[in-house]
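One-based numbering along the sequence shown.
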Amino acid sequence: MLTIGQLAAYAGVTVRAVRHYHQIGLLPEPERDASGYRRYSAKSVVSLVKIRTLANAGVPLARIGELLDAGPSAFADAVRAIDERLRDQIERLEASRKQIAQLAGGDRLTLPPEVTAYLDRLREIGVSERVVEGERDGWILVAARWPERIAEFMPGKLAQLDDPQVVRLYRVLSEIFDDEPGDTDDPRLAEAADIMVSLAEQAYRAGEILSDETPNDLVDALAVESDPRVQRLRDLLRERGWAGWNRMEPLAGG
């Protein structure tokens, strides 16, 4: 015969849990013996182990009571159903783990190789890791929506990195965004805006502005959410007659 503490230890639960099971009627509470103690039998241990196992499997306590009162056949059927549900949960969790591993595994697990090559090239020309991270997150959005068009976009993006103006823009942006957010009047923002406008004018004249099919609004929103200085830079672009960020367009009358 066991005390409540011995029962709890034997079944791998707390005394508090045993008392809770008593209160809700899952586990019968024995009468006190002549010494004033409640003594538990081996049958109580078996019942408590069943309760603990079902509870750990996520079975609601109200349902556990039904199962404990069920006959052997009904109990076995219910346990099989619980096992199947747990298998489904395990499969979903394994899939989630793989996805999390991809996010934690670096650029090559979350992006197509064409994009990771582009990000590596940015690092080679001196672009800061913070700016590279912003580029990476933007490309994650594009790749998620239009994975089949990545191979179409990337040759042009890589070719742009041979343009001294583009290299200068990335280096100015690196200098700006490597500093902690705060100064939206940083004079380097004006230099970045001037370069961006110059590049946009060249692309517009050459008919190279990206089509509306790309998720420009979402990419722009991501940039603004990432740093308040992006909004200041967009304001400077509007002062120069251009709207947008990822896809710049001339304002009417600009």
Determine, stepwise, if the pair V167 / D163 fulfils side-chain contact (heavy atoms from CB on, under 4.5 Å).
CA-CA 6 Å; V167 174; D163 186 333; over 6 Å; no
How long is the span from the [atom1] atom in [X] to the [atom2] atom in [Y], to the nearest 0.5 Å?
X	Y	atom1	atom2	result
E133	L122	CD	CG	12.5 Å
Q202	L199	CD	CG	5.5 Å
L189	M196	CG	CE	10.5 Å
R171	I176	CZ	CD1	14.5 Å
D88	E84	CG	CD	7.5 Å
I82	Q89	CD1	CD	11.0 Å

Any heavy-atom pair between the side chains of [Y] and [X] that's under 4.5 Å?
X	Y	answer
L48	L26	no
R19	R16	no
E114	K157	no
D194	R240	yes
V166	I125	no
L7	L27	yes

Which heavy atom in [X] sits nearest to a heavy atom in [Y], and how many Å separate them?
X	Y	value
R234	G244	CG-O, 4.2 Å
L61	A55	CD2-CB, 4.4 Å
V230	A223	CG2-O, 3.4 Å
D179	R229	O-NH2, 2.8 Å
P28	Y40	O-CE2, 4.5 Å
L236	A193	CB-CB, 3.9 Å

Take Y170 and E175 through the test side chain to side chain donor-acceptor pair (under 3.5 Å) and record every step on the way to the result.
CA-CA 9 Å; Y170 270 117; E175 293 172 5; over 6 Å; no
Closer than 4.0 angstrom, basic N to acidic O: yes or no for R149 and E152?
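Judged by the 4.0 Å cut-off on N to carboxylate O distance, R149 and E152 do form a salt bridge.
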Suppose the criterion is salt bridge (Lys or Arg N to Asp or Glu O under 4.0 Å): which pairs have a residue in residues 22-38, not counting sequence neighbours?
E29-R38, D33-R39
Just jot down the salt bridge (Lys or Arg N to Asp or Glu O under 4.0 Å) partners of [X], sequence neighbours excluded, or say none.
X	result
D178	none
R92	none
R85	none
E201	none

Result of checking V131, V132, V127 against E129 for side chain to side chain contact (heavy atoms under 4.5 Å, CB included)
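Only match with E129 under side chain to side chain contact (heavy atoms under 4.5 Å, CB included): V132.
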Is it the case that the side chain of [X] and the backbone of [Y] share a donor-acceptor pair, with hydrogens and angles ignored and the cut-off at 3.5 Å?
X	Y	value
S47	K43	yes
R52	V13	no
Q6	T3	yes

Check the pair E191, R188 against salt bridge (charged side-chain N to carboxylate O under 4.0 Å, His left out), reporting the backbone distance first and the verdict last.
CA-CA 5 Å; E191 181 183 356; R188 293 173 296 187; over 6 Å; no
Contacts satisfying side chain to side chain donor-acceptor pair (under 3.5 Å) that involve residues 56-70 (not counting sequence neighbours) are none
Among R232, R238, Q231, whose side chain to side chain donor-acceptor pair (under 3.5 Å) with D235 holds?
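With D235 as partner, R232, R238, Q231 yield a single side chain to side chain donor-acceptor pair (under 3.5 Å), made by Q231.
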Decide whether V18 and V46 are clustered together by the hydrophobic rule: side chain heavy atoms of Ile, Leu, Val, Met, Phe, Trp, Tyr closer than 4.5 Å, transitively.
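Per the 4.5 Å side-chain linkage, V18 and V46 are not co-clustered.
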Should Y10 and Y37 be regarded as members of a common hydrophobic cluster, given that ILVMFWY residues are connected when their side-chain heavy atoms come within less than 4.5 Å of each other, either directly or indirectly?
no
Mind running side-chain contact (heavy atoms from CB on, under 4.5 Å) on W242 and L251 for me, showing each step along the way?
CA-CA 5 Å; W242 288 82; L251 294 170; 5.7 Å; no
Step by step, work out the side-chain contact (heavy atoms from CB on, under 4.5 Å) result for S174 and R130.
CA-CA 7 Å; S174 295; R130 188 166 184 177; over 6 Å; no
Side-chain donor-acceptor contact under 3.5 Å, Q160 with Y118:
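No.
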Taking it one step at a time, do D227 and F177 satisfy side-chain contact (heavy atoms from CB on, under 4.5 Å)?
CA-CA 8 Å; D227 195 299; F177 294 115; 3.6 Å; yes
